[in-house]
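Reading through the structure tokens given below for one structure.
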Amino acid sequence: MLPKKVIDSVNEVVSGVKAKDNVAHISGFHRIQVTSQIDLAIDWVKDEIDRLSGIETKVFEYDSDGVSSIETWDSLYSWNPESGMLRLIEPESKILADFGAEKISLAAHSTTADCEAEVVYVGKGTKDSDYDEKDIKGKIVLATGKAKYVHQKACIERNAIGVLTYIPPSGKNEIASIRRYEGLWPNSEEAEKTKFGFALTQSDGIKLKSWLDKGKSVKVKARIKAELGTGKQRILSALIKGKDDSKEVWAFAHICHPHPGANDNASGAGSLLEAVRTIQHMFNEGTIEKPEYSIRFLWGAEWHSTIYLIENEKDILKKCVAMINMDMVGTNPALSGSIFKVYRTPFSLPSSLNNVVRYWLELEGKKLPKASEGGSITPHTYGYSRYSAGSDHFLFTDATIGIPSVMLNQYPDKFYHTSTDTIDKIDPSQMAYATKVLALSLLTLSYRKTTCKESLLISIRNEMVELLQATSFDAVSKLGQCIGDPEDVYAQAFTFLGYVRNLGFATLDKAKEEWYLISEQEQLRQSLKTSIEMTYTAEMVVLRRAYEGACAEVGLEAKEEELIDLDKVSFELEVKRKFKYALSPSKLLEKVGDRSAYYIEKRMNDEHFFDKIDELLNLSVDWANLDEIWKKLAFQFGYFEQKELSEVIKDLEKGGLLETRSIS
């Protein structure tokens, strides 16, 4: 998509060693949101960029008082931790946690305490039933659930004085010294009642539980000095100006999370910094000219600084044509068990951005790493995935904003959100790979005249052909194995194939808006629409034959399409959301009240549970038929029971987030 000299220059200039050095510096800070340490991390990145020439830096600042809000996003309290020590005093003496030695051991937003108390085990500690027949008032609870939710149930609601949490054993890859990243994140109603939390090592958590199971008394002494207060949400901007300063391409990385937090997300922040250095070096050396569109790099606190930027900086937001989010991109895949992926935009937001980033992900991924670059020399692992709403990009893809945004991410990562997410897991080769993909994608989007539009348009067609064939294959496999009612399988696949065709057409139409096309390229675009239509027709024939075969197999008569009910009515509802901007996950859990434990459990067991809710809201900015929404969600994220969606709709309506009306 770019001239060979540009590609070669990116490959030559990007340094995985330098990128890893960036990660080492950033991960040295304890980067909890609205604290002095995240400010120091942002200042360090700014100082590094200011050493380069020709880049405009600016730090946006917004008051964060723990009381105000932007739509569903509550402001965070600042946190000033000075010390924190947890000592076991019975049945033996031992230091269980020391903030001075291991920052992650003290749950974020813990408050000052000096107490000695008995420990009571409450299981996960996230449900009311976990506290049945347990006296925890004035005591400290031990739990395996996330500290935020345990703290709400135990301390806010039942007057416990603190929480201890640990990662329960899973039966594989256990790390005795592992601690989980924990935070209490109190809202304005909870602030006065906020107590403290410590993250225990897995081995200590298991030991304490075993003593309690045996009926032994377990006592601990906690001493913490920490305060909640008001502060600033800060977000750093670095701008490489283009010829048309009314258009910008953005790259973002959240710089927050506890020390060490190397892959999450010092890696994304470090990769962004290396991309700035690379592009500016190429510009200074004359390898590339001034970009047509400006390139803006942003570092901030995940979600919260981003929503402030979106709300308060409308002048620059309207310039943004696309955004790439770098979130966890640098760990050694062989150690973490992760795959480097681009997570595309939701189907409700078609864009050629997906195909630009995927192109470079695959092209660079096929190149074998060079030993001279440092790090692993094993082949790269990469993938292209459906939309995921788990990071800052979902604030941009929300239908009330509508900016195409994708995420580059390595997942799953067995060190995620734990004390084991350390710099030794970061691989220079992987950092170089991620930075090259980012830099090449940004250059493609900003140097628009040199981008090969023909390659881009064909890649859009190829993705849709791939999706058509995958949709058909899935249905044909079910029909061939007589899984389910043949008529239902056929009707669903018939609808899904239509969705793919429409997505392909919409993406090619969007490409015409996103890129200037000369007449010959416009003719190619129309031809590629025809190609998608031809593949759609062919797959429909294949589907029909498979349906007829399945009917014959089970002794049914195959019906003609006009006799099959392709639009069975079941919900008889239309829905409409009642708020602007993406929905805060914390606010969702708050609004569903007593069912929050169910939502937490679903989120743990269904990787797309919150993605489905997010896309539901994208599809319901205006009144929308719930039957159609359910089919589109099932198409994008896989089949799920209609009952599950009905329950979510009831919860959202009860919580004042959604309204419904009958269409019966």
Side-chain angles (χ1 to χ4, degrees), residues 21-50 57 59-66 75-85 97-112 147-148 179-186 194 196-199 224-237 252-270 272-273 298-306 308 327-328 330 392 415-423 426:
D21 284 346
N22 294 339
V23 178
H25 279 285
I26 295 167
S27 65
F29 298 104
H30 189 50
R31 311 174 313 276
I32 302 300
Q33 297 190 11
V34 204
T35 65
S36 60
Q37 286 281 295
I38 191 172
D39 290 345
L40 290 173
I42 288 173
D43 290 342
W44 180 84
V45 173
K46 183 178 183 300
D47 289 344
E48 289 294 300
I49 297 171
D50 286 342
T57 59
V59 177
F60 298 98
E61 293 188 346
Y62 313 100
D63 291 335
S64 189
D65 57 11
S75 174
L76 298 179
Y77 286 101
S78 69
W79 185 49
N80 180 29
E82 293 185 26
S83 62
M85 178 78 76
D98 180 0
F99 176 75
E102 205 169 358
K103 303 296 185 188
I104 200 172
S105 64
L106 180 64
H109 298 94
S110 292
T111 60
T112 294
K148 172 180 172 60
R179 298 181 195 266
R180 185 166 56 203
Y181 168 30
E182 298 283 26
L184 307 183
W185 310 106
T194 298
F196 65 86
F198 282 99
I224 304 107
K225 190 173 182 181
E227 294 180 351
L228 300 178
T230 61
K232 300 284 186 182
Q233 284 283 4
R234 301 171 79 234
I235 188 164
L236 170 64
S237 166
F252 183 91
H254 74 80
I255 199 170
C256 59
H257 283 6
H259 170 74
N263 195 38
D264 190 13
N265 185 38
S267 67
L272 237 64
L273 182 54
L298 295 159
W299 293 261
E302 190 172 22
W303 293 342
H304 290 275
S305 67
T306 310
Y308 277 102
D327 189 350
M328 299 172 58
D392 292 88
F415 309 115
Y416 170 72
H417 275 202
T418 72
S419 56
T420 58
D421 182 11
T422 49
I423 190 63
I426 299 299

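Residue Ser419 comes nearest to Pro260 through the heavy atom pair O-CG, 3.9 Å, listed as atom of the first residue, atom of the second, then distance. Of all heavy-atom pairs between Lys46 and Leu236, the closest is N-CD2, 3.7 Å. Nearest heavy atoms, His109 versus Ile32: CE1-CG2, 4.4 Å. Closest approach of Ile235 and Phe252 over heavy atoms only: CD1-CE1, 3.6 Å. Taking every heavy atom of both residues into account, Ile423 and Ala262 meet most closely at N-CB, 3.8 Å. Of all heavy-atom pairs spanning Ser267 and Val23, the tightest one is CA-CG2, 3.6 Å.
A donor-acceptor pair under 3.5 Å links the side-chain atoms of Thr111 to the main chain of Thr194, judged by distance alone. Within the 3.5 Å criterion, the main-chain N or O of Ile255 finds no donor-acceptor partner in the side chain of Asn265. Side chain of Thr112 to main chain of Lys225: no donor-acceptor pair is present (N/O by atom type, distance under 3.5 Å, no hydrogens or angles). Without hydrogens or angle criteria, Asn263 side chain to Gly330 main chain gives a donor-acceptor distance under 3.5 Å. Between the side chain of Ser64 and the backbone N or O of Leu76 there is at least one donor-acceptor pair closer than 3.5 Å.
The shortest side-chain heavy-atom distance between Glu302 and Asp392 falls under the 4.5 Å cut-off.
Note that CG of Leu272 and NE2 of His254 are 11.5 Å apart. Values are rounded to the nearest 0.5 Å. Of the inter-residue distances, the one linking Phe29 atom CZ with Leu40 atom CG reads 5.5 Å to the nearest 0.5 angstrom. Atom CH2 in Trp299 sits 8.5 Å away from atom CD1 in Ile26 (nearest 0.5 Å). In this structure, CD on Gln37 lies 12.0 Å from CD1 on Ile42, to the nearest 0.5 angstrom. For the atom pair CD1 (Ile38) and NZ (Lys232), the distance works out to 15.5 Å, reported to the nearest 0.5 Å. To the nearest 0.5 Å, atom OG1 of residue Thr418 and atom CD of residue Glu182 are 11.5 Å apart.
Partners of Lys148 by side-chain contact (heavy atoms from CB on, under 4.5 Å), not counting sequence neighbours, listed by chain and number: Gln152, Trp185, Ser586. With sequence neighbours left out, the side-chain contact (heavy atoms from CB on, under 4.5 Å) criterion links Glu48 to Lys18, Trp44, Arg51, Leu273. Residues satisfying the ring pair (Phe, Tyr, Trp, His ring centres under 6.0 Å) test with Tyr308, not counting sequence neighbours, are Tyr62. Residues passing the side chain to side chain donor-acceptor pair (under 3.5 Å) test with Ser78: none are found, sequence neighbours excluded. By the ring pair (Phe, Tyr, Trp, His ring centres under 6.0 Å) test, Tyr181 is found to be paired with His257, His417, residues two or more places apart in sequence or in another chain being considered. For Ser110, there are no side chain to side chain donor-acceptor pair (under 3.5 Å) partners two or more places apart in sequence or in a different chain. Remark: Asn80 engages no residue in a side chain to side chain donor-acceptor pair (under 3.5 Å) (not counting sequence neighbours). Residues passing the side-chain contact (heavy atoms from CB on, under 4.5 Å) test with Ala97, sequence neighbours excluded: Leu86, Ser105, Arg179, Phe198. Evaluation of the side chain to side chain donor-acceptor pair (under 3.5 Å) rule for Glu61 yields Arg234 as partners, not counting sequence neighbours. Residues forming a salt bridge (Lys or Arg N to Asp or Glu O under 4.0 Å) with Lys103 (at least two apart in sequence, or on another chain): none. Residues that satisfy the side-chain contact (heavy atoms from CB on, under 4.5 Å) test with Thr230, not counting sequence neighbours, are Asp65.
Residue pairs meeting the side-chain hydrogen bond (donor to acceptor under 3.5 Å, both in side chains) criterion with at least one member in residues 24-36: none, sequence neighbours excluded.
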For His259 and Ile104: C-alpha separation, side-chain torsions, deciding distance, then whether side chain to side chain contact (heavy atoms under 4.5 Å, CB included) applies.
CA-CA 6 Å; His259 170 74; Ile104 200 172; over 6 Å; no

